[in-house]
Amino acid sequence: STQSTGHKATRQNGCFVLLTNLLFININVVLLIVILCWTIVRWEVSANPGQVIQDMPPKGGFPKITYARAIPTRGPPGWVWLTAGVLATVLGTGALLRGRRVEKVYKAEKRRTRLAVLPFLQAETDLMLLAADRERRLDEAFIMREVPGWNVDDETGVTRHVPKAPRPTNY
């Protein structure tokens with residue numbers, strides 16, 4: 001019995017030295033060595049030498065291990081997002097088309113208004129041209145007053161240029 005205890009102590013010390021030497025090599029190797037040393041020590045400490053002690057499960061068995069993924073759902077499902085996207089697209093397109101239709105009506109109204117006002121604008125332009133022509137004639141009469149026989153109504157040097165009437169823009 002003294003030999004076996006001395007032999008056991010030698011094996012335990014040998015495992016300890018081996019463990020300390022390999023500590024910095026690889027943790028997986030160290031764990032494997034620890035398991036092997038523990039098995040050797042338990043084997044020698046057993047009541048019946050040569051018989052291996054085996055761990056047994058507790059009475060009634062181990063509790064069940066939950067291994068299924070239990071991920072909580074975040075946000076609405078995909079069909080809700082798809083429906084919301086289609087609905088937003090349809091409503092946005094409808095609003096866009098409705099806005100274009102209203103804008104078209106406004107442009108047509110603006111065009112009709114400008115065409116209705118055009119004769120009044122033309123009459124105003126004609127009055128401005130007549131006033132400018134009258135000023136020109138008065139200036140010409142004043143400048144040429146000392147020239148004998150100068151008649152303002154003569155068409156000397158006057159061309160028949162008719163200025164263009166202002167046109168409404170953006171119609």
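Only heavy atoms go into these numbers, but all of them, side chains included; no hydrogens, no water, no symmetry mates. Model, not experiment: these values are computed from the prediction.
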(request) For the residue pair Trp150 and Arg145, establish whether any side-chain heavy-atom pair is separated by less than 4.5 Å. (result) no

(request) Could you identify which residues cluster with Leu138, counting Ile, Leu, Val, Met, Phe, Trp and Tyr as linked when any side-chain heavy atoms lie under 4.5 Å apart, either directly or through a chain of such contacts? (result) none

(request) Kindly compute the distance separating CG (Leu129) from CD (Gln122), expressed to the nearest 0.5 Å. (result) 8.5 Å

(message) Taking transitive links into account, so neighbours of neighbours count too, which hydrophobic residues share a cluster with Leu127 at under 4.5 Å side-chain distance?
(response) none

(request) Quick one: pull up NZ in Lys107 and CZ in Arg100 and give me the separation to the nearest 0.5 Å. (result) 10.5 Å

(message) Suppose clustering is done on Ile, Leu, Val, Met, Phe, Trp and Tyr with side-chain heavy atoms closer than 4.5 Å. Which residues sit in the same group as Phe142?
(response) none

(request) Report the distance from atom NZ of Lys110 to atom CD of Glu103, rounding to the nearest 0.5 Å. (result) 10.5 Å

(message) Suppose we screen for side-chain hydrogen bond (donor to acceptor under 3.5 Å, both in side chains). Which residues come up paired with Arg137, at least two apart in sequence or across chains?
(response) Asp133, Asp153

(request) With rounding to the nearest 0.5 Å, note down the distance linking CG in Leu118 to OG1 in Thr113. (result) 12.5 Å

(request) Calculate, to the nearest 0.5 Å, the distance between atoms CD1 and CD belonging to Ile143 and Glu140 respectively. (result) 8.0 Å

Which pairs would a plain distance check flag for residues 75-99, meaning a side-chain donor or acceptor within less than 3.5 Å of a matching protein atom at least two apart in sequence or in another chain?
| from | atom 1 | to | atom 2 | distance (Å) |
| --- | --- | --- | --- | --- |
| Trp81 | NE1 | Pro76 | O | 3.4 |
| Thr83 | OG1 | Trp79 | O | 2.7 |
| Thr89 | OG1 | Gly85 | O | 2.8 |
| Thr93 | OG1 | Thr89 | O | 2.8 |

(request) Kindly give the cluster partners of Met128, where membership spreads through any ILVMFWY side chain lying under 4.5 Å from a current member. (result) none

